[in-house]
Amino acid sequence: MYKIGLVGGTGYTGAELIRLLVNHPQVKLHAITSRSEQGIAVADMFPSLRGFVDLCFTNPAIDTLAECDLVFFATPNGVAMKLVPELLREGIKVVDLAADFRLRDPAAWEQWYGCPHACPEILQQAVYGLPEVNRGLIKKAQLVANPGCYPTAVQLGFLPLIEQGLADINYLIADAKSGVSGAGRGAKVGSLLCEASENMAAYGVAGHRHLPEISQGLQQMAKGQPVGLTFVPHLTPMIRGIHATLYTRVMNKQIDLQALYEQRFVDEPFVDVLPQGEHPHTRSVKGTNTCRMAVHRPQNGEIVVILSAIDNLVKGAAGQAIQNMNIMLGIEEAQSLLVPGLMP
Ligand SMILES: NC(=O)C1=CN([C@@H]2O[C@H](COP(=O)(O)OP(=O)(O)OC[C@H]3O[C@@H](n4cnc5c(N)ncnc54)[C@H](OP(=O)(O)O)[C@@H]3O)[C@@H](O)[C@H]2O)C=CC1
Ligand SMILES: CC(=O)N[C@@H](CCC(=O)OP(=O)(O)O)C(=O)O
C-alpha cells in the first residue's frame, strides 16, 4: 500500500481526490491537511465520506508529509512551490494540482501569477501531467504539474490536428465555458447563487493565465513552432463541467477527420470520440475522468470545429491527478477511475 498525503483537503479538488482515492486498492490516505479545520474529522466536514475516511484534518507539516510515498497539493497557486523542494529532497513524489510547476519559464510565471517563482531551479524537472501527450515522462517523474481544467479540454481537443501538422496553428480559437466549481470553494461574490445562476459572461478576454499554459502545450505538439491562440473563458450557470468549442483551419481538406480523431485516441482510456455528427454534453462526463469530444467540419468547409467536454474537478483536476499518480507509481493507469457519469 502506498501512503498518500493531501495538502488542501477542504477544497473542491481536495474533496474530489478523497472521494476517488478511498476505494483505490493500492493506496491509503495517510494525511489530509487543512489549516482552518485542524482536528476536525474529514467525514464530519464531508458527510458523503462517512464510513470511508477516519482521518482528521492536520496542519500541513513537512514531517508528516515526508512519511508519504506521494503527496498531492490541492492548494491555491503559489503554495506548493514553497514546500515541494523539501519533499523532493526527502525522495517523495509530488503531484501539484495548482499552476506552480506548469510553466517552464519562471519569467512567464512571474508575469501571469504576479510574484517571483520560489524555486525556478525545479521547473525544468517538473513534467506536465497530460498523460495523452507525456505518458513516458510522467512514468519517470518525481514531480508532476497537473494541467489546469481549461488547458486539459483545449489541448486534448486540438491534439490530433496539431500533432499531424494539419491545423493552421496561427489561427486557433478556444471558446470555453466553465461551471462555477472551477473557481474553488472559497467564498466569492461571483460564486453566490444570486450572481452565478441564470447568468453567463465571458471573463479574462484580454489575457487569462491559462493562455500561456495552453500555448506552451500546443507549441510542444507543433514541435516547437509558436502558435497563435485566442482563448476566451466563460462562467456558466452549472456546478461542474467545461465545454470547449475549438476552431481552426484545416490544411488538408481531403483528410478524414473522424478517422484521425478515432485513431489518435483509440488506446486512450479517458478520451471518447463520439460518432460523426454528435455533440458531447458536460452532463455525460459529470463525475468521470473522461474527455468526450466530437469533430465537425460544417458545410465541408475549411474551418474545423472540435467540441471537447470534461468535468473540471475530475479530468480537469483530481481524476487526472490520480491518473498521473497511477502512472508514477507503476499502478494500472485507469485504476479506480473508470466510472460511468452521474445522471442527471
Ligand atoms: N476547481 C477546479 O475546477 C480546479 C482547480 N484547480 C487548481 O487546484 C487547486 C485547488 O483548487 P480548489 O480545490 O478549487 O481550491 P479551494 O479554494 O476549493 O481549496 C483550497 C485548499 O487549499 C488549502 N489552503 C489554502 N491556502 C493554503 C496554504 N497557504 N497552505 C496550505 N493549504 C492551503 C485550503 O484549506 P485551508 O485554508 O484550511 O488550509 C483548501 O483546502 C488550485 O490551485 C486551483 O487553481 C485546477 C483545476 C481545476
Ligand atoms: C470558473 C473559474 O473561475 N475557473 C478558474 C480556473 C480553474 C483552474 O483550473 O485553475 P488553475 O489554473 O489555477 O488550476 C479561473 O478561471 O481562474
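Whatever order the structure lists them in is the order used to number ligands and atoms, beginning at 1. In this text, all values refer to a predicted model and were calculated from it rather than measured experimentally.
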> Would a 4.5 Å heavy-atom cut-off, applied to side chains only, mark Leu83 and Phe73 as touching?
Replying inline: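 Side chain of Leu83 against side chain of Phe73, heavy atoms only: contact under 4.5 Å found.
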> Do Thr288 and Pro340 have side chains that get closer than 4.5 Å, going by heavy atoms?
Replying inline: no
With respect to [atom], which of [options] exhibits the smallest heavy-atom separation?
atom: atom 8 (C) of ligand 2; options: Ala145, Ala99, Cys149, Ser178; value: Cys149
atom: atom 15 (O) of ligand 1; options: Pro76, Gly184, Gly148, Ala187; value: Gly184
atom: atom 38 (O) of ligand 1; options: Ser36, Ala80, Pro147; value: Ser36
atom: atom 4 (N) of ligand 2; options: Ala74, Pro233, Gly182, Gly78; value: Gly182
atom: atom 8 (O) of ligand 1; options: Val180, Asn312, Asp100, Leu97; value: Leu97

> What do you think, any protein heavy atom under 4.0 angstrom from atom 44 (C) of ligand 1?
Replying inline: no
Please list, in number order, the atoms of ligand 2 under 4.0 Å from a heavy atom of [X].
X: Ala183; answer: 1 (C), 2 (C), 3 (O)
X: His208; answer: 15 (C), 16 (O), 17 (O)
X: Arg102; answer: 11 (P), 12 (O), 14 (O)
X: Gly179; answer: 1 (C)
X: His210; answer: 6 (C), 8 (C), 9 (O), 10 (O), 11 (P), 12 (O)
X: Tyr203; answer: 1 (C), 2 (C), 3 (O), 4 (N), 15 (C), 16 (O)

> At a 4.0 Å cut-off, with the gap strictly under it, does some heavy atom of Ser181 reach an atom of ligand 2?
Replying inline: no
Please confirm whether the backbone N or O of [Y] pairs with a side-chain atom of [X], one donor and one acceptor, at under 3.5 Å?
X: Trp109; Y: Cys115; result: yes
X: Gln38; Y: Arg35; result: yes
X: Asn312; Y: Cys149; result: no
X: Thr33; Y: Gly8; result: yes
X: Asn289; Y: Leu337; result: no
X: Gln219; Y: Gly224; result: yes

> What part of Asn77, side chain, backbone, both or neither, has a heavy atom within less than 4.0 angstrom of ligand 2?
Replying inline: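 Answer for Asn77: side chain.
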>> Heavy-atom pairs closer than 4.0 Å: do any link ligand 2 to the side chain of Asn312, the backbone, both, or neither?
In response: neither
Considering non-hydrogen atoms of the protein only, which is the closest contact for [atom], and what is the distance?
atom: atom 23 (C) of ligand 1; result: Gly8 CA, 3.8 Å
atom: atom 20 (C) of ligand 1; result: Ala74 O, 3.7 Å
atom: atom 33 (C) of ligand 1; result: Arg35 NE, 3.6 Å
atom: atom 17 (O) of ligand 1; result: Arg185 N, 3.8 Å
atom: atom 1 (N) of ligand 1; result: Ser181 O, 3.0 Å
atom: atom 9 (C) of ligand 1; result: Thr75 O, 3.2 Å
atom: atom 48 (C) of ligand 1; result: Gly316 O, 3.5 Å
atom: atom 30 (N) of ligand 1; result: Val79 CG1, 3.5 Å

Looking only at N/O atoms, are [X] and ligand 1 under 3.5 Å apart anywhere?
X: Ala183; answer: no
X: Thr10; answer: yes
X: Thr13; answer: yes
X: Glu37; answer: no
X: Arg209; answer: no

Tell me the closest heavy-atom pair linking [X] and [Y], and the distance in Å.
X: Lys93; Y: Ala141; answer: NZ-O, 4.1 Å
X: Glu163; Y: Lys223; answer: O-NZ, 3.1 Å
X: Pro237; Y: Glu198; answer: CB-N, 3.7 Å

Per-atom contacts, ligand 1 versus [X] - under 4.0 Å to a heavy atom:
X: Ala98; result: 43 (O)
X: Ala317; result: 47 (C), 48 (C)
X: Leu313; result: 1 (N), 2 (C), 3 (O)
X: Gly9; result: 41 (O)
X: Ser34; result: 36 (P), 38 (O), 39 (O)
X: Cys149; result: 47 (C), 48 (C)
X: Gly11; result: 13 (O), 16 (P), 18 (O), 19 (O), 40 (C), 41 (O)
X: Asn77; result: 43 (O)

> Hey, are Arg292 and Glu278 close enough for a salt bridge, meaning a charged N less than 4.0 Å from a carboxylate O?
Replying inline: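 No, Arg292 and Glu278 are not salt-bridged.
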Ignoring hydrogens and angles, write down the donor-acceptor pairs under 3.5 Å from the side chains of residues 48-56, residues two or more places apart or on other chains.
none

> Looking only at side chains, do Asp69 and His30 share a donor and an acceptor under 3.5 Å apart?
Replying inline: no
>> Testing Ile18, Leu21, Thr58 one by one against Ile32 for a side chain to side chain contact (heavy atoms under 4.5 Å, CB included), which residue passes?
In response: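 By the side chain to side chain contact (heavy atoms under 4.5 Å, CB included) criterion, Ile32 pairs with just one of Ile18, Leu21, Thr58: Ile18.
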Taking distance alone, with N or O pairs closer than 3.5 Å, would you say [X] contacts ligand 2?
X: Tyr113; value: no
X: Tyr150; value: no
X: Arg209; value: yes

[X], [atom1]: over 12 other non-hydrogen atoms inside 6.0 angstrom:
X: Asn252; atom1: CG; answer: yes
X: Lys286; atom1: NZ; answer: no
X: Leu137; atom1: CG; answer: yes

>> For Arg283, give me all partners under side-chain hydrogen bond (donor to acceptor under 3.5 Å, both in side chains), at least two apart in sequence or on another chain.
In response: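 Per chain and number, Arg283 pairs via side-chain hydrogen bond (donor to acceptor under 3.5 Å, both in side chains) with no residue.
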> Between Phe101 and His117, does the ring centroid distance fall short of 6.0 Å?
Replying inline: yes
> Does ligand 1 have a heavy atom under 4.0 Å from the side chain of Ala99, from its backbone, from both, or from neither?
Replying inline: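 The answer is neither.
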